Amino acid sequence: MDKTAIGKEIWPFSYVTWERKIKQFVETVGDKNPLYVDEEFARNSRHKGVIVPPAMANAYFVGMPVWGVVEVCKIDRARALHAEQEYEF
């Protein structure tokens with residue numbers, strides 16, 4: 001990886017999904033967070049509704065340079081190992 005890429009922010013992205021897909025995902029990974037499946041609980045949160053688990057975005061786009069990270073960081077895909085990610089809302 002190009003060390004000059006450390007600390008660079010990648011542009012925001014969005015994608016559309018459905019509540020049933022969110023439910024399938026959280027059931028599969030065993031995530032019990034009510035923000036993902038309990039409409040009433042989520043409506044009373046700061047989010048004002050059900051949200052998508054951050055890891056779901058990564059799971060849907062594994063292997064795809066959706067955010068341009070591979071290009072920005074000049075990553076050699078043959079030597080790549082995903083070790084960490086962070087989400088900020």
Side-chain angles (χ1 to χ4, degrees):
M1 182 179 108
D2 180 355
K3 298 289 185 192
T4 63
I6 295 173
K8 279 192 178 178
E9 291 188 22
I10 305 300
W11 47 91
F13 69 94
S14 64
Y15 68 97
V16 177
T17 191
W18 297 267
E19 284 187 37
R20 84 179 154 81
K21 287 294 186 187
I22 296 171
K23 287 181 182 181
Q24 288 173 341
F25 181 84
V26 298
E27 286 172 6
T28 300
V29 299
D31 195 328
K32 307 278 190 216
N33 188 330
L35 284 173
Y36 308 143
V37 294
D38 185 332
E39 183 62 45
E40 185 177 346
F41 180 89
R43 190 174 29 256
N44 291 316
S45 75
R46 67 184 176 109
H47 303 289
K48 306 298 181 211
V50 170
I51 63 171
V52 175
M56 190 171 168
N58 190 58
Y60 272 47
F61 299 118
V62 163
M64 295 173 54
V66 174
W67 310 284
V69 174
V70 171
E71 289 77 17
V72 169
C73 296
K74 299 178 183 142
I75 295 172
D76 176 358
R77 292 178 194 215
R79 301 176 54 123
L81 172 65
H82 181 269
E84 181 180 350
Q85 64 197 35
E86 183 177 303
Y87 300 95
E88 182 177 321
F89 296 93

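All values derive from a computational prediction rather than experimental measurement.
Here the closest non-hydrogen pair linking I22 and P53 is CG2-CD, 3.9 Å. Across every non-hydrogen atom of T17 and M56, the tightest pair is OG1-CE, 3.6 Å. Minimum interatomic distance between P54 and Y36 (heavy atoms only, all atoms of both residues): CD-OH, 3.6 Å.
Under the salt bridge (charged side-chain N to carboxylate O under 4.0 Å, His left out) criterion, the residue pairs touching residues 25-40 are E39-R43, with sequence neighbours excluded.
Here the CG-NE2 distance, from L35 to H47, works out to 5.5 Å after rounding to the nearest 0.5 Å.
With sequence neighbours excluded, no residue satisfies salt bridge (Lys or Arg N to Asp or Glu O under 4.0 Å) with E19.
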Starting from the C-alpha separation in whole Å, work towards a yes-or-no answer on side chain to side chain contact (heavy atoms under 4.5 Å, CB included) for V26 and N33. CA-CA 8 Å; V26 298; N33 188 330; over 6 Å; no
